[in-house]
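Below you'll find the structure, written out as structure tokens, and then a few comments.
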Amino acid sequence: MHKTLLLLFVSLTSLALAQTQRLTGKVTSLAEPDGLPGVNVTVKGTSQGTITSIGGEFSLDAEVGSIIEFSFIGYTSQQITFTGQTNETVVLVEKPTELGEVIVVGYSSIERKDITGAVSTINADKLKNLSVNGLDQALQGQAPGVQVTQSSGTPGGGVSVRIRGSTSISAGNTPLYVIDGIPVETGALGARSFGGQNDNALSLINTNDIETYTVLSDASAKALYGSRASNGVIVITTKRGKNSKTSLTFDVQRGIIDPVNTLDLLNSTQLLELQREAVTNAGENPDGFGLIEDVTDGVNTDWQDEVLRRGIMQQYQLSAMGGDDNTRFYISGSFREEEGVQLNNKFQRFGATINLDQKLTSKLSIGTNVTLSRALNKRVKGDNFLDGVYSGAIKSLPYHVAYDENGALVGPGSPLYASFPNFNPVAQALLPRFNTISVKALGNIIVTYEFNPHLKLKAQASLDYNNVTEDQYESSQTAIGGFLESVGGQGYGVFSASTFANIDSYLTLSYDKEISSSQRLNVVVGSELYQNTSIGGNVQGRLFPSDDFTYIQSAGVVDAGASFREPPHSILSFFGEARYDYDDRILITASLRADGSSNFGPNNRFGYFPTLSAAWRISEEEFWRYDFVNNLKLRASFGLTGNERIGAFNYLGQWGASTYNGSSGVVPNNVPNPNIKWETTRELNVGVDVGFLEERIQVVLNTYYNKTTDLLLVRPYALTTGFAGITDNIGEMENKGIELSVTSVNIDKDLRWTTTLNLSRNLNKVLFLADSVPLYRGYTGEGVDGTNIIKEGEPLGSFWGLNFLGVNSTTGDAIYEDRNKDGAISNADAMVIGNSQPKLIGGITNTFQYNRFDLSIFFNFSLGNKVLNFTKASTVNMGADIQTNQSVDALRRWQEPGDVTDIPRYELNSTLNNLHSNRLLEDASYLRLKNVSFGYSLPPTLVNKLMLNQLRVFASATNLWTLTKYTGSDPEVSTLDGSTSAQGIDFFTLPQVRTIAIGINATLK
Amino acid sequence: MKSRIYTYYLISLFLISTSCSTLLEPEPIDLLTDDIVLNEAKDVPNVEIGLYSAFRPIIPSTVIAGDCTADMLQFRGTFSQYRELGTKTITSANASIAALWGSIYNTIYIANFIIEKLPTVPGVKSVDRERVMGTAHFLRGYAYFIALYTYGGVPKVTGTSIEANRNIARASRTEILGFILEDYNEALGKLPTQTANAGYASDYALRAALAKYHLYNEDWAEAEQFATNVISSNQFSLEPEFETIVIDDFTDEAIFEVGYTLSDDPSTNGNIGLNYIFSGRREMIPANQLVAVLDSLNSASNSRDRYFSIKFNFNNLKGDDNGWSVDKYGTGDQDNNNVVVFRLAEMYLIRAEARAQQGKVSGSNSAQQDINALRTRAKASTVGSVTQAQMLLLIEEERKYELAFEGHRWYDLVRTGRAKDVMSAFSPNWKDAYELWPIPQREILNNPALVGNQNPGY
């Protein structure tokens, strides 16, 4: 009562003493020069205030002489003194500091300044001009310690992401992706192989709905994801409604797509001369092989040109967001289509998202995120497949043709058909139907109840449902459907459908309290149940009446098919975390998670994963006097994480079904290992965060040492046991590295120039393998056991091969090092010839803003990584066969005594000059102008006339320029998509594509 | 207030954890575990079929060994395993070599499992028990027979202990030979004389194996006797047309063949899918020299109808490709995808050789009669009066025409000591070491007892 009276008195007094006037004006910022909506405008010391409109305008009654404050999240607040002016334009400056930024980690959120682990965040706004299909692709070069490799230029294709290297050999190295609290499906959905390139479940998510990406790298940051976190966690939040007037945004992007490069191959005449020489060198008569000059080379087909094209990319999105105190929403619908550069290859996606938050009472709120998406991927075969499109185009001989004299595609039965092992790659692109239709339904419901400001209960249940249908037909004019009678004969149809569902529910109770003025305690405990299930089936049909009948209902023989259900894979977890903050100076976090996995037997079902971390904010200490360093934080963390991604029932000895002569019976599947247990990684991280000049320059440095023990791996057995091996915990591996990221606002005037840089170096080494037996991986190389090796003391991804010493200038034969001096060249002479892991990777982004213009230039690079140019085992094959076109390198071949060259003599059917050696290994370091985008926001006067609130036009280009010494088509490829031990093999792999696009972002009035 | 919250929380935790045991220990789907796979009478047929299923790939692998290693086929594909076999640059890393070894020991594992467990399974009818025990001994014996003549003395695995079988040295040839005969003798009298079809082992299949065993061991009288057992059983008769052998499964002369149906056709298996290897990919095609003798419609020729084993396609004739393919193995729907283990013609050839070696070259009950039985069927010229040495060479040729692409040639040349002469003329790369395949390199890496014990020359 007293207070009211006093207030009344004060205001009455003011009324009497001061004069109230109306102030109108506008708030803008550099990023929003046409007006910043939602800014709080308040009269200091009073309850008077308003919020700026969509156009950034406000009007407010205030007393002359009072102080008006403008504040907005993420911006530095500004005050002006009201002197009676009627119009005021305020330019708010974005807060350079990210210290107060709230970051979603694990099951809770935390302010950046309180973080004790290694965490990096990427604002999706930075990536909005990138033309990418999937969120994994978008992360390339954006965060330290994150290595992203797109396996090829195929749209919707596989992307390999590694955080701080590979911690596992066989239990998977893909990070855990958590979108709005939902762990989502990763990797390939499709069942059928396309020669080394997979589809990608993550391409079902529309990246334009994403607000932030947070990468959790060390044990402390990812502690609460314990069991599945040893490969790092990528936490993604999608856009949510704000407490503001509804805004409607329309985004359009359209562009063209071309391969970044093509290979230089021989023309008909050059190839014929080479083949005649190879046959002659083998002591045979080339005329007898039908290799006749001026006849055989009568045509010259450029097969790359025949199968590659310029693709069109287009993307449209309409989204609305808004809300009030109780309800907030975000709705979007999108369509994206990307034509591959290979004929008939296309990726198309429709998506819709709705995010809703509703406050039911002051204590109870409920929210949901729902995303529905459907992708149609029209795929083509490639890489390892002889009947692939790009692979076929590289291999096919230029003196064959795609179309006959009547303009019809050349197929099996035509005398013009090259036949095995070359099939008309144009027909292989155009004729088969490989439609992969994937549907994703991602949804959750979150309920939070605040008992009081300190105690909060949160429950979430979620579903990630993925369905993939593969609708395929290979006509009688294709290799499989026509040429290979053992498979198709008269057309070959496959239909398969599978469903993968991940169900996750968790419950957390969090307690947050200031114990005293200088101490704060935050505790979270919870439990989680995660289960994934899959079920599917397929059927194959052959002998179709004609190619007008393409579905299996018309097949003459339906003789193969299967259905399966995987036993549900479950993880049950209990976890707790306590954070203690002493005076913003000392921060300590401790956590423990216990996970039980259905993949292990009763002996070792549960794994326990504790972590401890601490940080000291030196800059908050009394003695800190160095004003130019406004933030200095030292961090250290140690903890355990686990990995259990192996198949079910390795702890049991199993017998599976098998058929014989029309009856079915059982055969043994595996040897039981009742003691199989969690793969565990011990992780140590030490880091420092430094902010200079009020956070204008921010530096984050982390170093780490991670040691994985009890590596889950198949221990090979001699086949005399009746088994190839047993899944066991048999290895140890370490990863150590250093990561640096720097963000700097270089100029902050009319021109604003910011630079972000990240660098990472990771060193991996296999420390121990049971029985010390090296494991061969990758492809079989000529004369050696494998192109890759996993060996004690060597990193994962090591390449294996002979040491090529050069060409004997007298005989023209290749010379290989006889390392064991036994006079013969064999696998025993092979050695580790290099490694696919880079010595240093990084990205640097420069953004410029001037007036209404914005420009962003993003480079990424990889230094010291090797790529196995395995394509050259075929295209510079020294006569191993005469069924493959050769690279122009072959023009340098040895031809007569005295020739000094690096390409040995060609001799038909001789592989001695083409044994697998380091001749094929190349330095694939590269610097790539990954993205450039340039935008212009139209002035408000013009925009208003268009009945719009905001309009930005931009042009964007990806993979515009590359600096590399690699002689293949592209240094950034990897067949065996997603492989851990055989990364970085270029085997007829489609190069990356260059996209040039223009686009519009418009906000409707 | 707070206590109530904790109560809710504990209840929910409890609800989750009570379902824990079933969640974390799901029931296997479409699987049986070791302990229940063979412990009652109804399990016996399943394990018996499993044994056949494991045995089956040995036979196509034997075709690869017997024909690709010898002078029957030449390379024209892309797989390095066939390049090595075709160009006679064989290494221990060869996938075909590992595939056969693996199938042999898979068969031995299941056979050992049955031999160890079946005697104690209650309630099994004695006729079933006898048959399955007999089958296990027979198939194990035949697996060792192939192992011995492909790799030499191999590890003698007689039990199912993983630890024992991971570290096991090579046994001597004599020891393996003795063990095969023990197995065969153990099976004698246990197998039925008639089976549903030639896809299952009968007593005659066992006798055919014994005839072959004694032929290889040059016990001519026993070889003749067991071959005669089969021939005079009247269960089998020579097909009137040779072409039937090429295009049909379960012919009248099939004694034992491994059965494939539409649903388990090996299709694109690069190690054992014979149609895929010989006809689809044409990794190996009939050697020019063989084509020259087989491709002859002249009724005076020695091979005559046996040319049905190969076929010509003009579109394939280019470069180093002679245009011919092996036509013996079709797909499931073409119904000639079974692979023969024994057929009657081989019994005639075994008996002919055994008789010739015993001096019974011509006249009644002679080699001449047996050879002419096959030649007449093939509409080829018959054999007149020849010397013993001439007869033995004629039999060698006859085996080459009659049993082409059925996995005999290399084994025949090696056992008769003719490999060096014949193969050196065929390929300049031939060396004596190729009279045996190497022990697969993977085995030497993973079995300490094999280290330093590779076959010479590899």
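Order of the sequence lines sets the chain letters (A, B, ...), proteins ahead of strands, with each chain counted from 1. On a predicted model such as this, the values are computed, not experimentally measured, just so you know.
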Is there a side-chain contact between [X] and [Y], using heavy atoms and a 4.5 Å cut-off?
X	Y	value
L719(A)	E443(B)	yes
S419(A)	N316(B)	yes
Y776(A)	L445(B)	yes
P26(B)	F649(A)	yes
T78(B)	D881(A)	no
L484(A)	Y276(B)	yes
R442(B)	Y717(A)	no
T780(A)	F79(B)	no

What part of [X] gets within 4.5 angstrom of chain A, counting heavy atoms only: side chain, backbone, both, or neither?
X	value
P155(B)	side chain
Q74(B)	neither
Q81(B)	neither
V154(B)	neither
N337(B)	neither
E48(B)	neither
A164(B)	neither
S279(B)	neither
D43(B)	neither

Is [X] in contact with chain B via its backbone, its side chain, both, or neither, using a 4.5 Å heavy-atom distance?
X	value
N599(A)	neither
A282(A)	neither
L912(A)	neither
V666(A)	both
T911(A)	side chain

To check you understand the geometry: which heavy-atom pair defines the closest contact between [X] and [Y], and what is its length?
X	Y	answer
S663(A)	Y200(B)	OG-OH, 3.3 Å
R56(B)	T659(A)	NH2-O, 2.9 Å
Y651(A)	E25(B)	OH-CG, 3.8 Å

Show your reasoning for whether side chain to side chain contact (heavy atoms under 4.5 Å, CB included) applies to D785(A) and Q441(B). CA-CA 9 Å; D785(A) 286 359; Q441(B) 182 168 44; 2.2 Å; yes
What distance separates [X] [atom1] from [Y] [atom2], expressed to the nearest 0.5 Å?
X	Y	atom1	atom2	answer
N106(B)	T721(A)	CG	OG1	8.5 Å
R605(A)	L24(B)	CZ	CG	5.5 Å
R282(B)	F420(A)	CZ	CZ	9.5 Å

Looking at [options], which makes the most heavy-atom pairs under 4.5 Å with chain A?
options	answer
Y260(B), W101(B), F55(B), Y329(B)	W101(B)
N275(B), I162(B), V47(B), V157(B)	I162(B)
R76(B), E84(B), Q334(B)	R76(B)
T331(B), T261(B), L262(B)	L262(B)
I49(B), T268(B), I108(B), T33(B)	I49(B)
N447(B), D35(B), D264(B)	D264(B)

Flag yes if more than 12 heavy atoms outside K456(A) fall under 6.0 Å of its NZ atom; otherwise flag no.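 No, the 6.0 Å shell around NZ holds no more than 12 heavy atoms from other groups.
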Within the distance-only criterion (no hydrogens, no angle test), does the side chain of [X] pair as donor or acceptor with the backbone N or O of [Y] below 3.5 angstrom?
X	Y	answer
R83(B)	A880(A)	yes
T720(A)	N165(B)	yes
E782(A)	S80(B)	no

Between [options], which residue shows the highest count of heavy-atom pairs closer than 4.5 Å to chain B?
options	answer
N827(A), I726(A), L291(A), I882(A)	N827(A)
G665(A), S874(A), S414(A), A724(A)	G665(A)
R542(A), E566(A), Q883(A)	R542(A)

Is it true that the side chains of N661(A) and N197(B) contain a donor and an acceptor less than 3.5 Å apart?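 N661(A) vs N197(B): donor-acceptor pair found between side chains.
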Do the side-chain N and O atoms of S658(A) and Y52(B) include a donor-acceptor pair separated by under 3.5 angstrom?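 S658(A) vs Y52(B): no donor-acceptor pair found between side chains.
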Between Y109(B) and W655(A), what is the ring plane arrangement, given parallel below 30°, perpendicular above 60°, and tilted in between?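 Tilted.
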